[in-house]
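A quick write-up on the structure given underneath.
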Amino acid sequence: MRIATWNVNSLKVRLPHVLDWLAAEKPDALCLQELKMEDKAFPLEALQEAGYQAIFNGQKTYNGVAILSPQPLADPVRDIPGFEDAQKRIIAGTLGDVRIICGYFPNGQAVGSEKFEYKLRWLAALTEWVRAEMAVHPKLVLTGDFNIAPEDRDAHPDWKDEIHVSAPEREAFRALTELGLTDAFRLFEQEERSFSWWDYRMGAFRRNFGLRIDHLLVSEALTGASTACWVDKAPRKLERPSDHAPVVLDLAP
DNA sequence: ATGGCTCATGATATGAGA
C-alpha cells in the first residue's frame with residue numbers, strides 16, 4: 001500500500017500537477033492539504049476520470065483537506081470530534097484495516113501569538129483524539145502538513161524563525177510519538193538536509209533552504225510493514241509548483 | 001535588509017502562509 005501526503009496550496013491551481021502525480025505514482029491514498037476551496041468547488045469529476053474517489057472537508061480561502069483513493073474510504077470523520085474549530089483541518093478514513101488521518105496543522109505564525117496558542121490547543125485536542133482512534137485501529141497512519149520540524153536536522157541551519165522549531169511545538173510532536181507513533185521517514189536512511197517545504201522566495205528551493213514539516217507517522221503495527229519513505233521533489237521543480245513536495249510511504253501488504 | 005513569492009478575495013491592496 002502506498003500512502004502519500006501533499007500540501008498543494010490551492011487544489012484549483014495544482015489540479016494538473018495532482019492528476020499527473022496520481023498517474024505516475026499510483027498511490028492507494030493521497031492526503032491533500034490547503035485545498036483553499038469549498039466542497040461545492042471540489043474537482044470530483046476530474047479525479048473520478050483519473051480513477052480516484054475522494055473524501056474531503058473544504059473551506060473557502062484557507063485550509064481544506066482531502067483523501068484521494070481508488071478504493072472507497074470507510075468511516076469518514078471530518079474535524080476533531082468535540083473540539084470547537086471553525087477551521088477545516090482534519091479528514092480521516094479507513095482503507096482496508098488501515099486508519100488514515102490527514103491533517104493540516106495550524107501554522108502558528110509566531111511563537112507566543114494568539115495563533116501559536118491555537119496551534120498548541122489544536123495539537124492537544126488532536127493528540128487525545130488520535131489516542132482514542134489508535135485504541136480502535138491498531139493500524140493507523142497520522143499524516144499531513146504538521147507545520148513542525150521535529151528535530152534540528154529537519155530545518156536548514158540558517159532557519160532564523162522560532163516558529164516550526166520551537167520547544168513547545170517539538171514537545172507536542174513528541175507527545176504524538178509517545179502515543180506509539182513513529183516518524184516513518186526516519187525508519188530509513190535519508191540524505192542530509194532532506195526537506196518537504198521550501199519558501200517561494202529567495203531561491204529557497206535552489207539553495208535547499210527548507211524545512212521537513214510534512215510527515216507520515218505510523219503505529220507500531222505498521223512500522224515493520226514500512227518498506228520505504230521519501231520526499232518526491234519532482235513536483236517542486238515544475239512550473240507553478242506548490243511550496244511543498246509530496247512525501248510518500250510504502251507499506252508491504 | 002523583516003523584503004523576496006504565491007495564493008485568494010464583493011480584490012485593484014491586504015492577509016496569510018512557513
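Worth saying up front: this structure is predicted, and the values here are computed from it rather than measured.
For His137(A), the ring pair (Phe, Tyr, Trp, His ring centres under 6.0 Å) criterion is met by no residue, not counting sequence neighbours.
Remark: P of dT6(B) and CH2 of Trp198(A) are 16 Å apart, rounded to the nearest angstrom. Atom CZ of Phe205(A) and atom C1' of dT6(B) are 16 Å apart (whole Å). Atom-to-atom, CZ of Phe209(A) to P of dC5(B) comes out at 16 Å; the value is rounded to the nearest Å. Counting to the nearest Å, the P atom of dC5(B) and the CZ atom of Arg207(A) are 13 Å from each other.
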Under 3.5 Å, sequence neighbours excluded: what are the donor-acceptor pairs made by side chains of residues 173-181 of chain A?
residue   : atom : partner   : partner atom : Å
Arg174(A) : NH1  : Glu178(A) : OE2          : 2.5
Arg174(A) : NH2  : Glu171(A) : OE1          : 3.1
Arg174(A) : NH2  : Glu171(A) : OE2          : 3.0
Thr177(A) : OG1  : Arg174(A) : O            : 2.7

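The aromatic rings of His215(A) and Phe146(A) sit perpendicular to each other, their planes meeting at more than 60°, with 30° as the lower class boundary. The aromatic rings of Trp159(A) and Phe209(A) are tilted relative to each other, their planes meeting at an angle between 30° and 60°.
To the nearest 0.5 angstrom, Phe105(A) atom CZ is 6.5 Å from Ile90(A) atom CD1.
The two residues Phe56(A) and Arg78(A) come nearest to each other via the heavy atoms O-NE, 2.9 Å.
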5' to 3', nucleotides 8-18 of chain B under a 4.0 Å protein heavy-atom cut-off (B base, S sugar-phosphate only, - none) gives SSS-----SBB

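The separation of dA11(B) from dT2(B), taken at their P atoms, amounts to 31 Å, rounded to a whole angstrom.
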